[in-house]
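Residue numbers start from 1 in every chain, and the chains themselves are labelled A, B, ... in the order their sequence lines are given, proteins ahead of strands. Note that these values count all heavy atoms, side chains included, but never hydrogens, waters or copies made by symmetry.
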Protein chains: 2
Amino acid sequence: MDQTETGNQTYSIGQLAEEFDVTSRALRLYEEEGLLNPLREGTRRIYRERDRVRLRLILRGKRLGWSLSEIRESFDLYDSSHGEEAQLELMLEKLGQRRDVLNAQKKDIDNALADLERIAANAGAALREIRSSQRKLSHG
Amino acid sequence: MDQTETGNQTYSIGQLAEEFDVTSRALRLYEEEGLLNPLREGTRRIYRERDRVRLRLILRGKRLGWSLSEIRESFDLYDSSHGEEAQLELMLEKLGQRRDVLNAQKKDIDNALADLERIAANAGAALREIRSSQRKLSHG
DNA sequence: TGAGTAGTTGACGTTAACGTAAACGTAAGG
DNA sequence: CCTTACGTTTACGTTAACGTCAACTACTCA
């Protein structure tokens, strides 16, 4: 079969660190915490596409304010899609909780955005006022 | 004039802590960091409506993953709506940056929600499969 | 008057998420 | 062969955001 050559590329820790603008120290920490699992070539770490995907998810989690252990829990959810009945039920419950939190977070963001808009509108008005009075003076 | 009696109520640190489910230690910390400014009655802290409003904003900020100093910066933005021209321009720029970050965060959330949906759909399917095969067995 | 209850100010402890430095290994290049 | 670049582990340092005493004050109430 024509084995597709997609995703066979590998990366050193330095390459990955530079690409995602994190330090190699951070990558090693994420590995210690069970968030990444690079291959080894002797002692050196070899990262593959799946590690890049995971790193992307890690960084997204961080942007959402998650702790590393919360991020790992989300990976665990993802990985254990194939369990037994009780397992799956628990999982669906946790997924529901996460969804609720995310939706609440969206509301918080919308409220914060609305606040920003109000403040910006005031500031914009104040600024136009200042500038219009400046024009008057310069025409005196 | 009929001075409206709205918002004249005050709160002790314990009351406020219980209402918002934070510790009094946290409230004192927020004060140290310049996020809250309760009155004093002798040595005791007296919180008013404006402090409650601020606390609400603090907790919202925390839910969005902001640090205390980021939260304070946002308060500073709010408070300095009445500055001079350069000040206002700088402010509008910062407001724009915050808005961009918040919008990016919304996208992250939407992506995370989409991921959750996919996982939940898979888990749900797996669960139904298990249950249907269980029914078959019980009818054997 | 004595015991609670709630508040105060230090000050030290703790956890997460890295930063930073030391001491070492290894492959490439001049 | 020696340097340079990049990697490794080990371990201690740092910052934020509190937690947790300890020692003290002030008020109330039986």
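Within the 4.0 angstrom heavy-atom criterion, only backbone atoms of the sugar-phosphate kind lie near A/Ser12; the bases stay farther away.
Both A/Phe20 and A/Tyr11 are part of a single hydrophobic cluster, where members link through side-chain heavy atoms under 4.5 Å apart.
Whole-Å rounding puts the A/Arg72 CZ to C/dA17 C1' distance at 13 Å. Rounded to a whole Å, the CG atom of A/Leu29 is 13 Å from the P atom of D/dT9. In this structure, CD1 of A/Ile13 is placed 18 Å from P of C/dT26, rounded to the nearest angstrom. In this structure, A/Leu35 places its CG atom 12 Å from C1' of C/dA17, rounding to the nearest Å. Straight-line distance from the CG atom of A/Leu27 to the P atom of C/dC18: 10 Å, rounded to whole Å. Rounded to a whole Å, the CD atom of A/Glu31 is 17 Å from the P atom of C/dA17. When rounded to the nearest whole Å, the span between CD1 of B/Ile71 and C1' of D/dC18 equals 13 Å. Atom pair A/Glu70:CD and C/dT15:C1' shows a separation of 14 Å (rounding to whole Å applied).
Contact record, B/Ser24 with B/Ala17: N-CB, 4.0 Å, taken as the closest heavy-atom pair.
Taking only side-chain atoms of B/Arg28, from C-beta outward, the nucleotide of C/dT20, D/dT8, C/dT8 with the closest atom is C/dT8. If you check C/dA17, D/dA26, D/dA17 against the side chain of A/Ser67, the one that comes closest is C/dA17. With C/dC18, D/dA17, D/dT9 as the choices, the nucleotide that has an atom nearest any side-chain atom of A/Arg40 turns out to be D/dT9. In this structure, of C/dA11, C/dG25, D/dA17, it is C/dA11 that holds the atom nearest to the side chain of B/Arg25. For A/Thr23, whose side chain is taken as the heavy atoms from C-beta onward, the closest listed nucleotide among D/dG7, C/dG19, C/dA17 is C/dG19.
Contact check, A/Tyr30 against C/dC18: a side-chain N or O comes under 4.0 Å of OP1 or OP2. Side-chain N/O atoms of A/Arg44 include none lying less than 4.0 angstrom from OP1 or OP2 on D/dA5. Residue B/Lys62 places none of its side-chain N or O atoms closer than 4.0 Å to OP1 or OP2 of D/dA16.
For the pair A/Arg60 and A/Trp66, the cation does not sit on the ring face, since its NZ or CZ is not both under 6.0 Å from the ring centre and inside 45° of the axis. Remark: B/Arg54 is positioned above the aromatic ring of B/Phe75, its terminal NZ or CZ atom under 6.0 angstrom from the ring centre and at most 45 degrees off the axis.
Enclosure of atom CD in B/Glu18 is not indicated, since only 12 or fewer non-hydrogen atoms of other residues, nucleotides or ligands lie within 6.0 angstrom.
Nearer to the 5' terminus of DNA chain D, by closest-nucleotide assignment, is the contact made by B/Ser69 (compared with the other of B/Ser69 and B/Thr43).
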